[in-house]
Amino acid sequence: MQGAYFILNLLLFVGTSFVFFVIPGVYILAIAFPKLSPWEKFIYGTVVGLVLFTLVSYLLLLINFPLAIFVVYAIFDLVAAKQTLALFKQLTLPSKKWGMVIVLVFALGILGQLLVIAPSGTFVEGALVFWGSHAHDASWHIALMNEMNKGFPLQNPVFAGERLINYHFFSDVAPAIFNKFLKLPALDLYFRFFPLLESLLLGASAYFLTKKLGKSTLAGIWGVIFVYFGGSFGYMVTLLQGRGVGGESLFWATQIQSSIANPPQIISDFLVLTVLFLLISFLAKPKLLPGIVIALAVGVLATFKVYAAIPVLGALAIASVWRLAREKKIDLFAVTLTAGALTAGLYLPNTKASTAFLIFQPWWFVRTMVVEPSRLNWIDLELRRQFYLDRGGVRSILRIIEYESVALIIFFFGNLGTRALGFWQAIGSAKNYFSDYFSQIFASIMIISFILPLLFLQKGVAGNTAQFLQYFLLLFGISAAIAISKFLGKIKNPILGLAISLAIIALSAPTQMAQIVDFYKRAPFAKISPEELSALSLIKKDFKSDTVVMTPPYNQYVDLKTAIPDIWDWSDSGYVSAFSGKETYISDIEQVDVMGYDYKERLSFQEKIFLEPSAQVLAEKLKEKGISVLYFPQQLKPKADYDTKFFDKIVENRKVEVWIVK
């Protein structure tokens, strides 16, 4: 019965996605870019449809009238359905020569991505289990979905009473709408349904862009191979260190295939590819409607992933100014200006201007890559650098330059892996930097996304700026795909060509394979017990939406040594907010810190609450802060004893207690 329920929900998701994303998006793209092939209109139209649905939903959420989305799209689909359905009749299967290869690469690629996310958020013996960082990340995103369903202005679910700031939340808008009105389970939407769609769009957008740039189906196939299977050379280091095959992000950059566990990241990946694909047609024949579509896609990037918006807007600014100065053409400049205005209109109202987003810290990633025990652990190189730095003199400076150059080269090629085969293709394209505007945009995105993490860290979680490298890897993979397809096209012996192809794949895929193996060879990282789920469900059903919950401060020194740790024992997260549907006074400190909130006073208050010996004082302090629910695992009880004069105990089991302030 549970399996049938899942299938029905999946079919509902597919049907609704077709209505909300495919029909409107394909219709718009067919009008704006009529010369695209049917498959190109279908894939990139779906991306445009997702963007449009998110933007329209957000605007309707702002006026607290999200239900109108059904009226808007009913009218839209009535207008668009006939033309869109006619287009589907034009879709043809791939040629016999490449058809099976394309299907196989896509099937294995999508399966590989789903294998490392779909098992999370499932039940094992009544407990909800998670692998990797999914317990933390899913808790945050599901909590955001809950807040969206309450209405705007959007509140921070883990910092009660404060407006959400400095966060790109657009990836949660569509799941929130699907959850609220279609009653599709949030766990399925986050771990299974949207990842399936996003994985397909990632591979397909890479395929058609690379096919167009490389002018061959083979180039497109290699483009798909690199987004699904391309990894770093980290596994070579871990093998030499005797740690087996691993090291996906040993050189700091998370690989493209891992973006499946990060909704803002994977959406921004295929959105960047879509923008680049549409720019090819626009630059060849600039027109108003195509320009509006591109401006829309670029303008929402910051609210999906600000790390994508910065290099893309930067690259467009460079190319548009150069085009304006060189040819006195304002078309690209107008697109860039419109996209910038939309970015400002969407992002700035949800941003606290006083908060420093980036911290200038040059070479931090390179230096830590060299010295960290979990990475290269090359202490000798760092000691030599420090020796010559202290010694001074011209010869010492030359030595330092030598060591820093070695580290930078390792950082560059280590992150790229076999994508480095696109180096000469990238250099060749760079020769057209000042004469071809698309090449200028393409190269500028790569350059900006590589240089920025060499110079800046993010406040809160320093390593987050490594996410810039995602777009460097993404586009370098396209360059590699084109280079490999050209090289293989010159080989007359098919057996030799196949052998070279298999060798490249064998050198590319170990980190992805190791990720899958590591995922399944160990127990889940964290769980929410049946007892906790029951307590959270009670809070969700029986309390008002504006209820504030106090939870214990995270204690990293508590370790119950269980096979599958309870989520509160594993990490600090917003799971109570996610699964109770209520805001917590303070939790998930890392996320709160990243967004720039001043949380120290609240954290201190939280710590004092659980050390307060008097039940009366405890109740009074909670009331002062507007907190009505005290939620805690049995191992993290407050110091005060339960007193019926001041509290009602609504839950008490072997795992958790819930007290209500009278």
Examine distances only and state if a side-chain atom of [X] and a backbone atom of [Y] form a donor-acceptor pair shorter than 3.5 Å.
X: N9; Y: L184; value: no
X: K41; Y: L29; value: no
X: S37; Y: E40; value: yes
X: D566; Y: D569; value: no
X: W39; Y: T92; value: yes
X: Y228; Y: S199; value: yes
X: T465; Y: F456; value: yes
X: Q113; Y: S258; value: no
X: T238; Y: G246; value: yes
X: S232; Y: G234; value: yes

So, H134 versus S120: side-chain donor-acceptor pair below 3.5 Å or not?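 Short answer, yes.
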State, without any angle test, whether K305 and Q467 hold a side-chain donor-acceptor pair at a distance under 3.5 Å.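 Result is yes, a qualifying pair exists.
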With a 6.0 Å cut-off on the ring centroids, do [X] and [Y] count as close?
X: F13; Y: F194; result: yes
X: W140; Y: Y167; result: yes
X: H168; Y: F304; result: no
X: F282; Y: Y437; result: no
X: F476; Y: F472; result: yes
X: F438; Y: Y433; result: no

When you compare the side chain of [Y] with that of [X], does any pair of heavy atoms fall below 4.5 Å?
X: F88; Y: V22; answer: yes
X: N377; Y: V371; answer: no
X: S249; Y: Q255; answer: no
X: W131; Y: F519; answer: yes
X: F6; Y: F193; answer: yes
X: F18; Y: V14; answer: no
X: P185; Y: Y5; answer: yes
X: I225; Y: V105; answer: yes

Under the side chain to side chain contact (heavy atoms under 4.5 Å, CB included) rule, what do I267 and F170 come out as? Steps first, then yes or no, please. CA-CA 10 Å; I267 293 174; F170 260 34; over 6 Å; no
Just verifying a value: how many Å separate [X] [atom1] and [Y] [atom2], rounded to the nearest 0.5 Å?
X: T368; Y: L457; atom1: OG1; atom2: CG; result: 8.5 Å
X: I294; Y: S281; atom1: CD1; atom2: OG; result: 8.0 Å
X: E125; Y: K527; atom1: CD; atom2: NZ; result: 10.0 Å
X: S139; Y: D588; atom1: OG; atom2: CG; result: 8.0 Å
X: L358; Y: L455; atom1: CG; atom2: CG; result: 10.0 Å
X: D172; Y: N179; atom1: CG; atom2: CG; result: 11.0 Å

Sequence neighbours left out, what pairs pass ring pair (Phe, Tyr, Trp, His ring centres under 6.0 Å) with at least one residue falling in residues 236-281?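 For residues 236-281, and leaving out neighbouring residues, the ring pair (Phe, Tyr, Trp, His ring centres under 6.0 Å) pairs sorted by first residue read Y44-F277, W252-W364, W252-F365.
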Take atom [atom1] of [X] as the centre, draw a 6.0 Å sphere, and report whether it contains more than 12 heavy atoms from other residues, nucleotides or ligands.
X: I495; atom1: CD1; result: no
X: W378; atom1: CH2; result: no
X: L93; atom1: CG; result: no

Taking it one step at a time, do E248 and T254 satisfy side chain to side chain contact (heavy atoms under 4.5 Å, CB included)? CA-CA 7 Å; E248 184 225 3; T254 301; 3.8 Å; yes
Between R367 and E372, is the closest basic N to carboxylate O distance under 4.0 Å?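 No, this pair does not count.
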Between D518 and R522, does at least one N-O distance fall below 4.0 Å, as a salt bridge requires?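 The answer is no: the pair does not qualify as a salt bridge.
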Not counting sequence neighbours, which residues clear side chain to side chain contact (heavy atoms under 4.5 Å, CB included) with K211? List them please.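 Per chain and number, K211 pairs via side chain to side chain contact (heavy atoms under 4.5 Å, CB included) with Y207, T217.
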Would L408 and L454 count as a side chain to side chain contact (heavy atoms under 4.5 Å, CB included) here? Give the steps. CA-CA 10 Å; L408 180 62; L454 292 179; 4.2 Å; yes
Report the relative orientation of the aromatic rings in F191 and F130; use parallel for angles under 30°, tilted for 30 to 60°, perpendicular for over 60°.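 Answer is tilted, since the angle falls between 30° and 60°.
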Determine the minimum heavy-atom distance between [X] and [Y], stating which atoms define it.
X: A219; Y: S485; answer: CB-OG, 3.4 Å
X: A261; Y: Y190; answer: O-OH, 3.7 Å
X: T210; Y: A481; answer: CG2-CB, 3.6 Å
X: F233; Y: T418; answer: CZ-N, 3.7 Å
X: Y471; Y: S449; answer: C-OG, 3.9 Å
X: L189; Y: P195; answer: O-CD, 3.5 Å

W222 and side-chain contact (heavy atoms from CB on, under 4.5 Å): which single residue from L421, I478, I484 fits?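 Answer to the side-chain contact (heavy atoms from CB on, under 4.5 Å) test with W222 among L421, I478, I484: I484.
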Run the numbers on F412 and F450 for ring pair (Phe, Tyr, Trp, His ring centres under 6.0 Å), then give the verdict. CA-CA 9 Å; F412 183 87; F450 181 73; 5.4 Å; yes
Does R419 make a cation-pi contact with F423, if we ask for NZ or CZ under 6.0 Å from the ring centre and within 45° of the axis?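 Relative to the ring axis of F423, which defines the angle, R419 lies outside at least one limit.
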For L202 and S259, what are the C-alpha separation, side-chain angles and deciding distance, and is it a side chain to side chain contact (heavy atoms under 4.5 Å, CB included)? CA-CA 10 Å; L202 174 65; S259 64; 4.3 Å; yes
